[in-house]
Structure formats: structure tokens, C-alpha cells
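Reading through the C-alpha cells given below for one structure.
Here the structure is a predicted model, which is why all the values come from computation and not from measurement. Index from 1, following the sequence.
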Amino acid sequence: MLTVNSLHKRWKHFVCQRRMYRLSISPSHCAKIIVPAKSVAANIAEVYPHLAERIEHINIGTFVEQDYVCFSRSSPLASLVAAHPIDNVGDFENLFNAVRHLIVEGYEFMMVVMGSGRAGRQLWKLLTALDLLQTVTIVPRLKPWRSVLAAGDIFIQPQPRTAFNPLLLEAMSVGAVVAASKGGVDDLIIEDRTAVVFDPNDELSIFSALQRLFDRREFARQIARNAQQYLRENHTVSKMISATLQTYSEASII
């Protein structure tokens with residue numbers, strides 16, 4: 001049994017039954033390939049067309065809160081949470097420029113960037129250059145995730161992700177409104193239904209998406225509620241467990 005949660009152009013190795021193999025997937029060793037998203041399933045089918053029939057798409061389950069956190073607090077100060085690996089400062093430049101533009105326009109908020117990586121020092125330098133140190137705080141990926149994500153009104157995915165993003169799933173489950181870029185493993189991101197979408201390479205696009213959420217708060221709350229309902233219909237823990245057990249049962253007789 002093999003579980004894959006990301007997109008790949010070339011496979012150098014993979015883990016199957018907790019052992020490391022190289023170069024190829026052996027049909028005799030991997031009876032089923034479990035993936036958490038349609039985009040990953042399509043990618044694996046393209047890379048390994050002879051194993052397409054063995055791919056099983058099983059949505060990752062989560063527990064959805066009854067209430068939503070998006071603009072639900074009495075405080076006028078909004079909270080933004082962005083989560084992304086800090087390996088390339090360029091991934092954040094347009095986002096931080098958009099944040100600075102919002103401040104210039106008079107919007108009041110605080111922002112937390114959750115992540116770590118080799119570009120941490122450069123990111124601090126960028127925040128200093130943009131005079132954002134009083135607004136933006138960088139923290140490592142904290143646990144439990146849900147308590148951190150529940151503190152934000154808006155969850156931002158600044159760049160497309162090539163792997164399924166569990167933080168995006170959890171942000172939706174607690175009722176934060178999502179602003180994200182399309183591309184990669186983006187099955188959860190349905191424009192103007194479960195999220196608002198922006199072009200990560202366009203500062204104005206990011207600014208406009210965030211401004212839209214600030215200015216139209218009932219619209220933002222509705223997007224958050226829509227996302228929660230989508231998860232209730234498609235990402236329940238009970239369905240995930242049932243589908244996983246069924247897949248293991250089928251794999252054992254192949």
C-alpha cells in the first residue's frame with residue numbers, strides 16, 4: 001500500500017510499507033495507491049498510467065466546528081494567518097507589498113506568518129524594509145494547529161502548493177475565510193465558493209482579494225460557512241476511515 005499526497009514530475013524514490021524503493025513502483029508490492037485529492041490522482045495516473053486502476057482517492061477527514069471564526073469577534077482589529085514554507089523570500093514579496101498597501105489605505109489588522117525555512121533572515125529583512133515589523137509576526141508551525149488557525153479571521157495561502165495542505169483544510173474547518181492562489185493541489189479552493197482567489201505574482205490581485213474580504217464582511221462570512229459545509233459533505237472522518245478500511249480490505253485480496 002502506498003500513500004501519495006503531492007504532485008511529481010519525476011519519481012526518485014517513494015515509501016511503500018515503510019521501506020525505501022527507487023526508480024519505479026512495483027505492481028507486485030503496491031496493490032493500491034491512496035491519494036487525498038483528484039489533482040494528485042490525475043498526476044499519478046499520468047506518471048504511471050499502467051497503475052491508474054489502483055489509485056484510490058480518499059478525502060482526508062476533519063471535524064468541522066459548528067460556528068465560524070471569520071469576523072465573529074467584537075474586536076475591530078482583524079487577524080490574518082498565512083502559512084507557507086519560508087524557503088524563498090520571493091514567495092512573500094507580493095503578499096507583503098499588498099499588506100503594506102492595505103495599511104496605507106487605512107485598514108487595521110495584525111498578521112501571523114506560520115512557517116520556517118532557510119530564508120527566515122531574508123524575510124525579516126523584507127519586513128524591516130517595508131516597515132511591517134509592527135504588523136507581521138513570524139512564528140514556527142505551532143501545535144495544536146487548530147487553536148492558532150482559529151485565532152485568524154482570514155487564512156492566506158500565498159503560493160500554490162504541490163502537496164496537500166492540511167493547514168488549509170483545518171483553517172476551513174474552524175471557519176476562517178480563505179484567500180489563496182490556484183494551482184498545484186488546489187482541490188479545496190473553489191473560487192467564490194470556498195475561497196477567494198488571487199494571482200500570487202500580482203500584488204494588486206492579492207490586495208484586491210484581501211480588500212474585498214475586509215470591505216464585504218458578510219460575503220467573507222458566507223465563504224467561510226460555504227467551506228465548512230463543503231467539508232461536512234466531502235471530508236468527514238467517518239467516510240475517510242470507512243474508505244481506508246475498504247481499500248485495505250481490497251488490497252489484501254489482490
Item to check | Gln157 and Asn165, any side-chain heavy atoms less than 4.5 Å apart | outcome: yes
Item to check | Side-chain touch Trp124/Leu133, heavy atoms, less than 4.5 angstrom | outcome: yes
Next on the checklist: Are Val113 and Ile103 connected into the same hydrophobic cluster when the rule is that any two of I, L, V, M, F, W, Y join if their side-chain heavy atoms are below 4.5 Å apart?
Outcome noted: yes
Item to check | Residues, nucleotides or ligands: over 12 heavy atoms within 6.0 Å of Glu65 CD | outcome: yes
Checklist entry - Can you hop from Leu80 to Val197 via hydrophobic side chains spaced under 4.5 Å? => result no
Checklist entry - For Tyr107 and Asp215, does a side-chain donor sit closer than 3.5 Å to a side-chain acceptor? => result yes
Item to check | Residue pair Val177 / Arg221, side-chain heavy-atom distance below 4.5 Å | outcome: no
Next on the checklist: For the backbone of Ala243 and the side chain of Thr247, can you confirm whether one donor and one acceptor N or O come within less than 3.5 Å of each other?
Outcome noted: yes
Checklist entry - Do Phe219 and Tyr230 share a hydrophobic cluster, counting only Ile, Leu, Val, Met, Phe, Trp and Tyr and linking them when any side-chain heavy atoms are less than 4.5 Å apart? => result no
Item to check | Donor-acceptor contact present, side-chain Lys239 to main-chain Asn59, <3.5 Å | outcome: no
Checklist entry - Of the non-hydrogen atoms in Asn43 and Ser6, which two are nearest, and what is the gap between them? => result OD1-O, 4.2 Å
Checklist entry - Counting only heavy atoms not in Glu46, do more than 12 fall under 6.0 Å of its CD? => result no
Next on the checklist: Using every non-hydrogen atom in the two residues, find where Ala179 and Ile154 come nearest and quote the distance to one decimal.
Outcome noted: CB-CG2, 4.4 Å
Next on the checklist: Could you tell me if Arg146 and Ser173 have a donor-acceptor pair between their side chains, going purely by distance under 3.5 Å?
Outcome noted: yes
Next on the checklist: Please confirm whether the ring centroid of Phe198 lies under 6.0 Å from the ring centroid of Phe207.
Outcome noted: no
Next on the checklist: Taking atom CZ as the centre, does Phe63 end up with more than 12 heavy-atom neighbours from other residues, nucleotides or ligands that are less than 6.0 angstrom away?
Outcome noted: no
Checklist entry - With no hydrogens and no angle check, do the side chains of Arg225 and Gln222 hold a donor and an acceptor under 3.5 Å apart? => result yes
Checklist entry - So does Glu250 pair up with Lys32, basic N to acidic O under 4.0 Å? => result yes
Item to check | Expected output: side-chain Asn5 to main-chain Phe164 donor-acceptor under 3.5 Å | outcome: no
Next on the checklist: What verdict does the salt bridge (Lys or Arg N to Asp or Glu O under 4.0 Å) test give for Arg73 and Asp153, after you've listed the backbone C-alpha separation in whole Å, the side-chain angles of each residue and the deciding distance to 0.1 Å?
Outcome noted: CA-CA 9 Å; Arg73 291 166 278 261; Asp153 299 291; 3.1 Å; yes
Next on the checklist: I'd like to check Arg118 versus Asn88 (side-chain heavy atoms, cut-off strictly below 4.5 Å). Are they in contact?
Outcome noted: no
Next on the checklist: Does Asp131 have more than 12 heavy atoms from other residues, nucleotides or ligands lying within 6.0 Å of its CG?
Outcome noted: no
Next on the checklist: Under 4.0 Å between a side-chain nitrogen and a carboxylate oxygen: does that hold for Arg212 and Asp192?
Outcome noted: yes
Checklist entry - So, the side chain of Lys182 versus the backbone of Pro160: is there a donor-acceptor pair under 3.5 Å, distance only? => result no
Item to check | Gap between atom OG of Ser116 and atom CG of Asp87 - 0.5 Å precision | outcome: 8.0 Å
Item to check | Close side-chain approach of Ile44 and Leu51, heavy atoms under 4.5 Å | outcome: no
Checklist entry - Yes or no on side-chain hydrogen bond (donor to acceptor under 3.5 Å, both in side chains) for Thr194 and Asn226, after CA distance, side-chain angles and deciding distance? => result CA-CA 6 Å; Thr194 63; Asn226 290 347; over 6 Å; no
Checklist outcome for this item: Here the pair of heavy atoms bringing Pro158 nearest to His84 is CG-CB, 3.7 Å
Checklist entry - Are Met172 and Leu188 close enough that some pair of their side-chain heavy atoms sits under 4.5 Å apart? => result yes
Checklist entry - Do Val35 and Val185 belong to the same hydrophobic cluster, where Ile, Leu, Val, Met, Phe, Trp and Tyr are linked whenever their side-chain heavy atoms lie under 4.5 Å apart, directly or via other members? => result yes
Item to check | Validation row: Leu102, Glu105 side chains within 4.5 angstrom (heavy atoms) | outcome: no
Checklist entry - Does one hydrophobic cluster hold both Tyr248 and Ile33, with members joined at side-chain heavy-atom distances below 4.5 Å? => result yes
Checklist entry - Between Arg217 and Phe71, is NZ or CZ placed under 6.0 angstrom from the six-membered ring centre and within 45° of the ring axis? => result yes
Item to check | Interatomic spacing from OG1 in Thr62 to CG in Leu169 - rounded to 0.5 Å | outcome: 4.5 Å
Item to check | Other residues, nucleotides, ligands: >12 heavy atoms within 6.0 Å of Arg161 CZ | outcome: yes
Next on the checklist: Looking at Gln134, I want to see if its CD is surrounded by more than 12 non-hydrogen atoms of other residues, nucleotides or ligands under 6.0 Å.
Outcome noted: no
Next on the checklist: So Met111 and Val99, do their side chains get closer than 4.5 Å, heavy atoms only?
Outcome noted: yes
Checklist outcome for this item: Of all heavy-atom pairs linking Ala224 and Gly175, the shortest is CB-O, 3.4 Å
Checklist entry - So does Glu53 have more than 12 non-hydrogen atoms from other groups sitting under 6.0 Å from CD? => result no
Checklist outcome for this item: Val148 and Met114 have their tightest heavy-atom pair at CG1-SD, 3.9 Å
Checklist entry - Is it true that a side-chain atom of Ser147 and a backbone atom of Pro144 form a donor plus acceptor pair closer than 3.5 Å? => result yes
Next on the checklist: Using 0.5 Å steps for rounding, measure from the CG atom of Leu126 to the CZ atom of Arg100.
Outcome noted: 11.0 Å
Checklist entry - How many angstroms lie between CG in Leu210 and CZ in Phe109, if you round to the nearest 0.5 Å? => result 8.0 Å
Next on the checklist: Which heavy atom of Asp67 sits nearest to which heavy atom of Gln228, and what is that distance?
Outcome noted: O-NE2, 3.0 Å
